[in-house]
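What you are looking at is a predicted structure, and each value in this text was computed from that prediction instead of being measured.
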Amino acid sequence: MAAASGPDRENSRPGAEDPPHPADEVYADGPETGELGESAAAPAPSDADMVRAAAETGDPDAAAEVATEGPDDAGLMSADAPDPEEAAAPDQVIREPEDVEPDTADDEHGEARRVDAAGRTEPLTDAGRPNPKAALVYNPIKVDAARLRRLVTRLSDEAGWSEPLFYETTVDDLGDDVTRQALNEGVDAVLVAGGDGTVRAVSEAMTGSDVPLTIVPSGTGNLLARNLQLPLDGPEEMVRATFDGDREAIDVGLARLRRPDGEVKEHAFVVMGGMGLDAAMIANTNPQLKKSVGWVAYVDGAARSLVSAQPFRVMYELPGHRLHSTRVQSVLFANCGSLPAGLELIPEASVSDGELDIVIVQPKGPLGWLLVWRRVAWDNSVLRRFRAGRRILSLRTRDSAVRYARGEGIDIGTSEPRPVQLDGDEFGEAVHVTVRVEPAALRIAIPRGHSITPPANGSRKKRRRRRGAASAVTP
């Protein structure tokens with residue numbers, strides 16, 4: 001028995017028995033010293049023993065509590081626990097779930113993501129890099145990503161810019177979302193590398209931003225780059241133009257689509273869009289064939305579409321002109337006029353005149369389709385290049401298989417839903433399309449001394465500005 005404490009101890013006599021303490025009664029039933037030694041030597045009860053013992057007491061709540069508490073610290077390294085070395089691979093750090101940055105991208109699926117120079121996913125935040133800095137938005141399927149990232153990094157460093165930011169596109173984000181993220185991080189320039197769909201999406205996000213866009217040639221498409229006559233033989237010249245090239249402003253088209261269910265959305269285009277057969281042709285193009293042979297796959301899509309092609313009635317109106325009602329195969333609205341394989345749909349189209357070119361395709365029977373082909377493949381693409389050819393065209397009787405118009409936009413309505421395409425990508429069906437142009441809404445980077453306006457378009461541009469109104473539909 002331990003000695004008593006407090007004032008009573010001072011008054012005790014040597015050899016006298018200690019007076020009782022109030023706590024003695026509380027601990028009277030406690031284990032003796034020998035029992036403590038035996039308890040220390042005995043093995044700790046297992047989880048199963050604890051659950052069984054709690055169940056024997058007849059208290060279901062106690063049993064449930066023991067079952068859900070899980071093992072204590074001594075039981076963490078059970079037989080089923082993972083080996084720490086394996087769990088720490090590959091960087092020898094065992095991570096808690098919240099330490100791991102989620103990666104929603106799965107091959108071609110998932111959200112767009114920011115990647116570092118080695119292609120590893122990194123958080124979509126700026127690491128504090130000072131300006132000036134550039135961002136590269138690229139489609140990893142269309143380009144040699146590692147080589148292009150190295151090139152952009154090297155030329156950024158040579159120009160005295162900070163390390164660039166890199167963004168990959170995915171199926172869920174063709175490039176517009178990550179481009180907005182790059183703009184929010186205050187980049188001074190954006191480079192885009194991918195197909196026409198990627199260029200369109202990035203251009204849409206950059207419209208009105210005043211940040212220059214560099215189009216890096218990729219694949220066999222890039223209709224905007226071809227219409228601007230940009231160098232296509234390698235990426236270095238265009239990447240270098242980001243840092244020491246000239247800047248030009250081009251127009252951007254905006255198409256407001258109303259779906260059959262009433263939903264309304266607006267999308268940008270930089271080359272051309274259309275409603276009708278041209279959109280059906282794109283929808284019928286085999287995507288795997290397109291990946292393999294590029295624009296040639298559209299021939300297969302055209303063959304599939306022409307078999308069942310039927311004219312449909314539209315009502316359309318250009319600003320400042322009367323309403324038209326007619327049956328057509330397609331209505332095209334274009335910012336550029338050149339097609340793949342050297343075909344000229346609209347020989348005098350300009351990307352910087354503040355207007356859109358409208359093409360009404362309305363052939364009548366097989367002969368009508370021959371007239372359409374002659375107009376595009378022979379008259380526009382061959383004869384117009386020579387003085388003698390232009391004289392022949394001036395003497396020829398005009399037909400109505402293809403009719404042209406020009407203005408600041410067009411309003412198109414149909415009684416039944418029709419497919420729509422923008423810059424070669426299908427955009428579903430619509431019953432009403434309102435198209436307008438945003439003049440000089442997109443700044444692009446071009447090599448020093450390069451002109452994006454062919455000489456033949458210079459006088460035309462001045463004439464349009466003096467006229468100041470949309471031209472009527474002409475055959």
Side-chain angles (χ1 to χ4, degrees), residues 108-112 139 141 169-177 179-180 194-205 207 221 223-224 252-291 295 297-298 300-316 327-336 339 356 358-361 409-438:
E108 299 180 24
H109 304 282
E111 299 176 359
N139 183 335
I141 299 176
T169 67
T170 64
V171 170
D172 289 342
D173 181 1
L174 295 179
D176 48 338
D177 283 345
T179 300
R180 293 186 185 97
D196 291 323
T198 305
V199 174
R200 187 210 64 78
V202 173
S203 299
E204 177 177 303
T207 296
L223 274 178
L224 180 58
V252 175
L254 296 170
R256 188 169 179 265
L257 312 179
R258 190 172 74 198
R259 308 295 185 184
D261 61 0
E263 179 189 18
V264 176
K265 283 190 177 181
E266 187 172 67
H267 300 278
F269 63 94
V270 287
V271 180
M272 69 178 66
M275 184 181 206
L277 180 61
D278 62 303
M281 175 189 73
I282 290 171
N284 288 331
T285 298
N286 187 316
Q288 296 301 323
L289 187 61
K290 184 179 177 182
K291 286 182 180 179
W295 63 266
Y298 289 129
D300 174 69
R304 295 170 183 267
S305 304
L306 284 172
V307 173
S308 58
Q310 294 293 332
F312 60 97
R313 182 163 295 280
V314 299
M315 298 184 70
Y316 67 90
R327 294 177 67 81
V328 302
Q329 288 284 4
S330 284
V331 179
L332 300 170
F333 30 91
N335 196 33
C336 303
L339 300 175
L356 295 174
I358 312 300
V359 183
I360 311 295
V361 182
I410 186 173
D411 203 17
I412 310 167
T414 66
S415 57
E416 296 182 358
R418 295 294 170 179
V420 177
Q421 63 87 12
L422 300 174
D423 286 354
D425 281 345
E426 55 177 313
F427 273 77
E429 293 185 330
V431 294
H432 188 193
V433 181
T434 302
V435 185
R436 60 188 176 90
V437 64
E438 283 288 336

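The shortest heavy-atom contact between Ala201 and Gly175 is CB-N, 4.2 Å. Between Gly274 and Leu332, the shortest heavy-atom contact is CA-CD2, 3.9 Å. The two atoms that bring Val270 and Ser203 nearest to each other are CG1-CB, 3.7 Å, heavy atoms only.
In this structure, the side-chain contact (heavy atoms from CB on, under 4.5 Å) partners of Ser330, at least two apart in sequence or on a different chain, are Leu277, Asp278, Val361. Not counting sequence neighbours, the partners of Arg180 by the side-chain contact (heavy atoms from CB on, under 4.5 Å) test are Asp176, Asp177, Glu204, Ala205. For Arg258, the side-chain hydrogen bond (donor to acceptor under 3.5 Å, both in side chains) criterion is met by no residue, not counting sequence neighbours. Every side-chain contact (heavy atoms from CB on, under 4.5 Å) that Asn335 has, sequence neighbours left out, goes to Asp251, Val351, Leu356. Thr414 pairs by the side-chain contact (heavy atoms from CB on, under 4.5 Å) definition with Met275, Phe312, Val314, Arg418, Val431, not counting sequence neighbours.
More than 12 heavy-atom neighbours from other residues, nucleotides or ligands sit within 6.0 angstrom of CZ on Arg259.
Taken from CG in Leu224 to CG in Asp196, the straight-line distance is 8.0 Å, to the nearest 0.5 Å. Annotation: the span from Thr169 atom OG1 to Ile141 atom CD1 amounts to 7.5 Å, rounded to 0.5 Å. From Ile412, atom CD1 reaches atom CG of Leu257 across 10.0 Å, with rounding to the nearest 0.5 Å. Rounded to the nearest 0.5 angstrom, Arg327 CZ and Arg313 CZ are separated by 6.0 Å.
Counting heavy atoms from C-beta on, the side chains of Val331 and Ile410 come closer than 4.5 Å. In this structure the side chain of Asp411 reaches within 4.5 angstrom of the side chain of Thr434, judged on heavy atoms. For the pair Leu339 and Met272, the minimum side-chain heavy-atom distance is below 4.5 Å. The shortest distance between side-chain heavy atoms of Asp423 and Val199 does not fall below 4.5 Å.
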Inset, instruction - Before giving the answer on side chain to side chain contact (heavy atoms under 4.5 Å, CB included), spell out for Ile358 and Tyr316 the whole-Å C-alpha distance, their side-chain angles and the decisive distance to 0.1 Å. - result: CA-CA 11 Å; Ile358 312 300; Tyr316 67 90; 5.9 Å; no
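Sorted by first and then second residue, the ring pair (Phe, Tyr, Trp, His ring centres under 6.0 Å) pairs involving residues 256-282 (not counting sequence neighbours) are His267-Phe427, Phe269-Phe333.
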